[in-house]
Amino acid sequence: MSSEVRVRYAPSPTGYPHVGNIRTALFNWLFARHTGGRFILRIEDTDIARLVPGATEAILESLRWLGLDWDEGPEAGGEYGPYIQSQRLSLYREVAQQLVREGHAYPCYCSPQRLEEMRAEQQRRKQPPGYDRRCRHLSPVERTAAESSGITPVIRFRVPDEGQTTLSDLIRGPVTFDNGTLDDFVLLKSDGYPTYHLANVADDHAMRISHVLRAEEWLSSTPRHVLLYRALDWEPPLFAHLPMILGPDRSKLSKRHGATSLVEYREMGFLPECMVNFLALLGWSLDDKTELFSREELVGHFSLERISKTAAIFDREKLAWMNGVYLRRLSTEDFVRLSLPFLEKGLPPQAARPLSRDYVLQVSPLIQERARTLAEAPQLAEFFFVEDLAYSVDLLCGKELAPQSASEALKVSLARLQDLVPFDGASIEGVLRPLAAELGMKTGALFGLLRVATTGRTAAPPLFQTMAVLGKERCLRRIQAAIAKLEQKQA
RNA sequence: GCCCCCAUCGUCUAGCGGCCUAGGACACCGGCCUUUCAAGCCGGCAAUCGGGGGUUCGAAUCCCCCUGGGGGUACCA
């Protein structure tokens, strides 16, 4: 028996993977990479009714985006394939038949209606819901009748009436369940597809999975799985149930919580390196201070021992902060490359397309340290790309400046700037700083005025650099426009 | 209802019997820097360690009860 670590991420394509799903994938991946084991991807598409078109592709896409490469699975292949459960149906049927043969399972002919009535009755009597095991005790006559009725039965597992089942969870320690609280769950559905319980156990065994790292929501079904392994005489893998990631309302993550699918985070301008870093810290930590980890550091430090037991709420504010850190660490070239698509998409239509890469290269240093996500880039940089600025005249005057004096200051600035060559940051500063004194204005007041005139806002990147990037012609035009605005107001 | 898990600042967390008058981070509030914003730096606010019993010379750390939260309870995964 080999001690090689083989872990798997086994999503079902019933929706686009959200951060909780992907965090599970990440922990499996980290554990595999840390131990030098194998990371396997298996698609659990056994629920045809809930199958969502494109979901499988979204899963692969999410993993690829984060750089979580799989050693075996769809596209990668592997010696234990196929890795898509709908292509392994004969295996599950064989296992189910074996279980029936050996008396661990039995066919059940109960109709969905009967089950529903049974549950309603149980609820009315305030009794624990669960299959009443009617078909477990069919007389030979009843059985023959059921078989000839044309109903396709489901196969149910025969849970032992007595005893307890204990599993030793790597994170939570021993967990014990009374078998009496478990009902005879379905293994094979009437459509011939296996349930999660059967397929999961059969595949984990067939694929030689050594550790099952999955979300805590699975903890209560684990005794069923342990019972299955036992009935099959298979050695179960080691289990580690990961703490859940909850929405802001403390409930299980769902569409209700807004943007939760990973693909959406990419669209919102988060960097994959940041997502990996942030997700790793949801339920795992190294020490009392380290928060920023490269992928390599994560792989190097990751361990099951340091996974916490408590559910975590996904804090988007902190994610945004961390993304800002990652954004600022980027080289200008990388920032340009990554923000370009967001600018193309987010800038108003009047900005000339395609964007000049050269120009974006000049603008980028001015917005890079102000952005928390790439999607903020268009907003931050808009005035660099459009011709006409729309802003209120009141912005020019502010609280202290009279329209008259604002207008005069702008006229003098205009005259001084007109002949300025070269029009770079240092030269602009060389002209404007003395000018403030000359006009008897505080530097802040004059610079603020010019900032509004040239950018249309009170908060913008440093003025001189900004003006230099905008270019002389455009700055002069904008100052003239501002003067016009002021005169119009006074009239 | 029943079963299972969990419980430290608003949030993510450190803490695995004495280093804790509980540390870090986000957010928030000040200050510095500064032409605005952002970044950066400094400082502050913020957890009677959910409550109550034990054990111990000593408990956030161990045990029990309660409460609270979460998950499960499908021919879903």
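Below, chain A is the first sequence line, B the second, and so on; all start at residue 1.
At the heavy-atom level, A:Pro223 lies nowhere under 4.0 Å from the strands shown. Contact annotation for A:Glu291: base contact, defined as any heavy-atom pair under 4.0 Å involving a base atom. Residue-level contact check: A:Pro243 touches neither bases nor backbone, having no heavy atom under 4.0 Å from any strand. A:Gly283 comes within 4.0 angstrom of sugar-phosphate atoms only, judged by non-hydrogen atoms across all strands, and of no base. The residue A:Arg114 sits apart from the nucleic acid: no heavy atom pair falls under 4.0 Å. Within 4.0 Å of A:Leu219, counting heavy atoms only, lie sugar-phosphate atoms of the nucleic acid but no base atom. Residue contacts for A:Cys110: at a heavy-atom cut-off of 4.0 Å it reaches a base atom on one of the strands shown. A:Val175 comes within 4.0 angstrom of sugar-phosphate atoms only, judged by non-hydrogen atoms across all strands, and of no base. If you check every strand for non-hydrogen atoms under 4.0 Å, A:Leu450 touches nothing. Residue A:Ala312 is in sugar-phosphate contact alone, with no base atom involved, counting any heavy-atom pair closer than 4.0 Å across all strands shown. At the heavy-atom level, A:Phe177 lies under 4.0 Å from the strands shown only through sugar-phosphate atoms. Counting non-hydrogen atoms under 4.0 angstrom, A:Phe464 reaches a base of the nucleic acid. Residue contacts shown for A:Ser251 are limited to sugar-phosphate atoms, with no base heavy atom under 4.0 Å away. Base engagement by A:Ser190 is indicated by at least one non-hydrogen atom pair under 4.0 Å involving a base atom.
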Assess the residue pair A:Phe302 and A:Phe27 against the criterion (ring-ring contact (aromatic ring centres under 6.0 Å, His included)); give the C-alpha distance rounded to whole Å, side-chain angles, the decisive distance to 0.1 Å, and a yes or no. CA-CA 8 Å; A:Phe302 189 78; A:Phe27 278 25; 5.2 Å; yes
When you look at A:Phe270 and A:Tyr326, which way does the ring-ring contact (aromatic ring centres under 6.0 Å, His included) test go after all the steps? CA-CA 9 Å; A:Phe270 290 93; A:Tyr326 274 85; over 10 Å; no
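Judged by closest nucleotide on RNA chain B, A:Pro174 is the one of A:Pro174 and A:Ala445 placed further toward the 5' end. If you find the closest nucleotide of RNA chain B to A:Leu188 and to A:Pro129, the one lying nearer the 5' end belongs to A:Pro129.
The shortest distance between the side-chain N/O atoms of A:Arg50 and the OP1/OP2 oxygens of B:A77 is not below 4.0 Å. Distances shown here put a side-chain N or O of A:Lys189 below 4.0 Å from the OP1 or OP2 atom of B:A77. One finds no side-chain N or O of A:Arg316 lying less than 4.0 angstrom from the OP1 or OP2 phosphate oxygen of B:U11. OP1 or OP2 of B:C75 has at least one side-chain nitrogen or oxygen of A:Arg119 nearer than 4.0 Å. Look at A:Lys252 and you'll find a side-chain N or O under 4.0 angstrom from OP1 or OP2 of B:G72. Between A:Ser220 and B:U73, a side-chain N or O to OP1/OP2 separation shorter than 4.0 Å is absent. Put simply, A:Thr46 has a side-chain N or O that comes within less than 4.0 Å of OP1 or OP2 on B:A77. A sub-4.0 Å separation between OP1 or OP2 of B:C37 and a side-chain N or O of A:Arg457 is absent.
One N or O donor and one acceptor, one from the side chain of A:Arg370 and one from the base of B:C37, sit under 3.5 Å apart. For A:Thr14 and B:C76, a side-chain-to-base donor-acceptor distance below 3.5 Å is absent, hydrogens and geometry of angles not being considered.
The partner of B:A47 is absent, by the rule that a Watson-Crick or G-U pair needs both atom distances under 3.5 Å. In a base pair of the Watson-Crick type (N1 to N3 plus N6-O4 or O6-N4) or a G-U wobble (N1-O2 and O6-N3), with each distance short of 3.5 Å, B:G18 is matched with B:C57. Base pairing analysis places B:U73 opposite B:G1; the two distances defining the Watson-Crick or G-U wobble pair are each below 3.5 Å. Applying the Watson-Crick and G-U wobble criteria (two distances, each under 3.5 Å), B:G10 pairs with B:C26. The partner of B:C41, taking Watson-Crick or G-U wobble pairs whose two distances both stay under 3.5 Å, is B:G31.
Cation-pi contact between A:Arg224 and A:Phe185: present, with separation from the ring centre below 6.0 Å and deviation from the ring axis of at most 45°. A cation-pi contact links A:Arg156 to A:Tyr131, judged by a cut-off of 6.0 Å to the six-membered ring centre and 45° from its axis.
Taking atom C1' on both B:C62 and B:U56, the two are 10 Å apart, rounded to the nearest angstrom. Distance check on atom C1': B:G69 versus B:A25 gives 24 Å, rounded to whole Å. Straight-line distance between the C1' atoms of B:C63 and B:G10: roughly 32 Å, to the nearest whole Å. Separation of the C1' atoms belonging to B:C76 and B:G71 is 15 Å when rounded to the nearest angstrom. Of the P atoms belonging to B:A59 and B:G1, the separation is 36 Å, rounded to the nearest Å. A distance of about 34 Å separates the C1' atoms of B:C5 and B:C45, rounded to the whole Å. B:C65 and B:C26: their C1' atoms are spaced 36 Å apart (whole Å). Atom P of B:C32 sits at a distance of 49 Å from the matching atom of B:G53, rounded to the whole Å.
A side-chain N or O of A:Thr222 and one of A:His241 form a donor-acceptor pair less than 3.5 Å apart.
Closest contact between the side chain of A:Asp315 and the listed nucleotides B:G10, B:G69, B:C75 involves B:G10. Closest to the side chain of A:Asp288, from the set B:A14, B:C5, B:A77, is B:A14. For A:Val186, the listed nucleotide lying nearest its side chain is B:C75; candidates were B:G70, B:C3, B:C75.
The only option from A:Tyr196, A:Phe157, A:Phe177 that meets the ring-ring contact (aromatic ring centres under 6.0 Å, His included) definition with A:His225 turns out to be A:Tyr196.
When all heavy atoms are compared, the tightest approach of A:Arg457 to A:Leu380 is NH1-O, 3.7 Å.
A side-chain donor-acceptor contact under 3.5 Å links A:Lys485 to the backbone of A:Tyr391.
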